[in-house]
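Below: the structure, in structure tokens.
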Amino acid sequence: MIDPHFFTLAPPQMLGDIGARFGCEVTPIGAADEMISAPASLGDSLPGEITFFSDKRRRAGLDTAKATACFTTERLAALVIAKGMVPLVTDNPRAHFARLTQSMASEGGSNLPETQIDPTATIHPSAVIGVGVRVGARSQIGAHCVIDSGVTIGEDCHIHPLVRVSFATLGNHVTIKSSTVIGGAGFGMAEDEDGIFDVPHLGQVIIHNRVQIGSNCCVDRGQLGDTTLCDDVKIDNLVQVGHNVFIDEGAMLAGHAGVSGSCRIGKKALFGGRAA
């Protein structure tokens, strides 16, 4: 689900209008009048949403898919129909879905909470704090940090100087060392007749309790869905964590490790230096 603390959805669109935009026939009769309110990942999709299915390797997502409509290929359309979704058949489902997503959601929260800074928290005067930020008791935010709108930081956290945190929710006792970026857009590209373009990233970063992240690291937010670091994860300096990664409790990643998008790392896994 797209979090209104960080993103704003455009008004719903008729499925017939979406099909016409991308040259996709909408069948059966009457389906064109269906209203589409949001884009969604395949496995997490709900009625009133639209998704895409372009590769049989992602067939597991069909088991829980409930979207009203789905961009797909002619070869895979029968599987989409069997799940009760309206197929929008195209040679380029992923790119068309990404283009539609650009027009359906934009950065900037539509429902920001009130800013809440606990009186025991310490924030350096040079730090930039956005609207609707929440900071828990005894947390510290260092010099020249940027905490973007809608971010939640729990209790007893220590955000060192020159850190940027956006599109993120932090638990308690989290440490983030200098010059690290949390919540930037991941590296996702698509290509259509108009060229190569960035795929929108509409998820966030969820950091649980007692997580430590070293200096000069990047933890990217999810594309659709979230990037998640569970309790007691420890990350060394100069580590890249891509979009939609899930790192389970107690895993440790040494310096220069790199984790590409959508990987899942189990409990107490150990990554040595430069592991990929």
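One is the number of the first residue; the rest follow in order along the sequence.
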(message) Test: ring-ring contact (aromatic ring centres under 6.0 Å, His included). Region: residues 127-153. Which pairs qualify, not counting sequence neighbours?
(response) none
(message) L170 and side-chain contact (heavy atoms from CB on, under 4.5 Å): which single residue from I159, T152, V135 fits?
(response) I159
(request) Kindly determine whether D220 and Q240 satisfy side chain to side chain donor-acceptor pair (under 3.5 Å), including the steps that lead there. (result) CA-CA 8 Å; D220 296 337; Q240 159 74 14; 3.1 Å; yes
(request) Check whether more than 12 heavy atoms from other residues, nucleotides or ligands sit under 6.0 Å from atom NZ of K66, and answer yes or no. (result) no
(message) For the CG atom of L202 and the CG atom of L9, what is their distance to the nearest 0.5 Å?
(response) 8.5 Å
(message) Which residues pass the salt bridge (charged side-chain N to carboxylate O under 4.0 Å, His left out) test with E249, not counting sequence neighbours?
(response) none
(message) Can a donor-acceptor pair be found, under 3.5 Å and without considering hydrogens, that links the side chain of E34 to the backbone of A31?
(response) no
(request) Report yes if some heavy atom in the side chain of S139 is under 4.5 Å from a heavy atom in the side chain of I153; otherwise report no. (result) yes
(request) List the steps and the verdict of side-chain contact (heavy atoms from CB on, under 4.5 Å) for D236 and L238. (result) CA-CA 7 Å; D236 195 2; L238 296 161; over 6 Å; no
(request) For the residue pair D118 and T120, confirm or rule out a side-chain donor-acceptor distance under 3.5 Å. (result) yes
(message) Side chains of V181 and V219, heavy atoms from C-beta outward: is any pair under 4.5 Å?
(response) no
(message) Considering only residues two or more places apart or on different chains, which pairs with a residue in residues 103-142 satisfy ring-ring contact (aromatic ring centres under 6.0 Å, His included)?
(response) none
(request) Give a yes or no answer on whether the side chain of T180 reaches the backbone of C217 with a donor-acceptor pair at less than 3.5 Å. (result) yes
(message) Tell me every residue that passes salt bridge (charged side-chain N to carboxylate O under 4.0 Å, His left out) with D148, counting only those two or more places apart in sequence or in another chain.
(response) R164
(request) Please confirm whether the backbone N or O of P161 pairs with a side-chain atom of S178, one donor and one acceptor, at under 3.5 Å? (result) yes
(message) Who clusters with V80? Use side-chain heavy atoms, under 4.5 angstrom, across I, L, V, M, F, W and Y, and order the result by chain and number.
(response) L42, F53, L62, L76, L79, M85
(request) Report yes or no: does K177 contribute a side-chain atom to a donor-acceptor pair with the main-chain N or O of I213 at less than 3.5 Å? (result) no
(message) Show, in sequence, the C-alpha distance, side-chain angles and deciding distance for T27 and V86, and conclude whether the side-chain contact (heavy atoms from CB on, under 4.5 Å) test is met.
(response) CA-CA 7 Å; T27 56; V86 178; 5.9 Å; no
(request) Return yes if a side-chain donor-acceptor contact under 3.5 Å exists between Q204 and T169, otherwise no. (result) yes
(message) Using the salt bridge (charged side-chain N to carboxylate O under 4.0 Å, His left out) criterion, which residues pair with R58? Sequence neighbours excluded.
(response) none
(request) Check for a donor-acceptor pair, side chain of S54 on one end and backbone N or O of T72 on the other, with a separation under 3.5 Å. (result) no
(request) Sequence neighbours left out, what passes ring-ring contact (aromatic ring centres under 6.0 Å, His included) with F246? Give chain and number order. (result) none
(message) Within this structure, what is the CD1-CE distance for the pair I18 and M35, rounded to the nearest 0.5 Å?
(response) 8.5 Å
(message) Looking at S215, is its backbone amide N or carbonyl O close enough to the side chain of S179 to form a donor-acceptor pair, meaning the two atoms are under 3.5 Å apart?
(response) no
(request) Apply the test side-chain contact (heavy atoms from CB on, under 4.5 Å) to residues V89 and C24: give CA-CA distance (whole Å), side-chain angles for both, the deciding distance (0.1 Å), then the verdict. (result) CA-CA 6 Å; V89 176; C24 302; over 6 Å; no
(request) Quick one: name the residues clustered hydrophobically with M252, using the 4.5 Å side-chain heavy-atom rule over I, L, V, M, F, W, Y, and just say none if it's on its own. (result) L270
(message) Return the CG to CG distance between N237 and N216, rounded to the nearest 0.5 Å.
(response) 7.0 Å
(message) Do D248 and I265 have side chains that approach each other closer than 4.5 Å (heavy atoms only, starting at C-beta)?
(response) no
(request) Determine whether more than 12 heavy atoms belonging to other residues, nucleotides or ligands lie under 6.0 Å from atom CE of M14. (result) yes
(message) With heavy-atom distances below 4.5 Å as the criterion, would you say the side chains of E155 and H173 are in contact?
(response) no
(message) Is it the case that the side chains of T227 and R221 hold a donor-acceptor pair, with the cut-off being a distance below 3.5 Å and no angle test?
(response) no
(message) Test your reading of the model: is there a side-chain donor-acceptor pair from N244 to the backbone of L224, 3.5 Å cut-off?
(response) yes
(message) Would you compute the distance between atom OG of S37 and atom CD1 of I50 and round it to the nearest 0.5 angstrom?
(response) 10.5 Å
(message) Given 3.5 Å as the limit, does a donor-acceptor pair link the side chain of H201 with the main chain of V199, or not?
(response) yes
(message) With rounding to the nearest 0.5 angstrom, report the OG1 to CD distance, T175 to Q140.
(response) 9.0 Å
(request) Flag the pair T90 / T73 as yes when at least one side-chain heavy-atom distance between them is below 4.5 Å, and no otherwise. (result) no
(request) Check which hydrophobic residues are tied to V131 through side-chain heavy-atom contacts below 4.5 Å, counting indirect links as well, and list them. (result) L112
(request) Any pair with a residue in residues 79-105 that passes ring-ring contact (aromatic ring centres under 6.0 Å, His included), sequence neighbours left out, goes on the list, sorted by first then second residue, please. (result) F22-H96, F52-F97
(message) For G43, is there any backbone N or O sitting under 3.5 Å from a side-chain donor or acceptor partner on S41?
(response) no
Acceptor/donor pairs from residues 184-197 side chains to any protein atom, 3.5 angstrom cut, sequence neighbours excluded:
unit_1: D192; atom_1: OD1; unit_2: R99; atom_2: NH2; d: 3.2
unit_1: D192; atom_1: OD1; unit_2: D194; atom_2: N; d: 2.9
unit_1: D192; atom_1: OD1; unit_2: G195; atom_2: N; d: 3.4
unit_1: D192; atom_1: OD2; unit_2: R99; atom_2: NE; d: 2.7

(request) Would you please name every residue forming a salt bridge (charged side-chain N to carboxylate O under 4.0 Å, His left out) with D232, sequence neighbours left out? (result) R210
(message) I'd like to check T228 versus I247 (side-chain heavy atoms, cut-off strictly below 4.5 Å). Are they in contact?
(response) no
(message) Determine whether N172 and D156 satisfy the following criterion, side-chain contact (heavy atoms from CB on, under 4.5 Å), listing intermediate values before the conclusion.
(response) CA-CA 6 Å; N172 302 324; D156 298 294; 5.7 Å; no
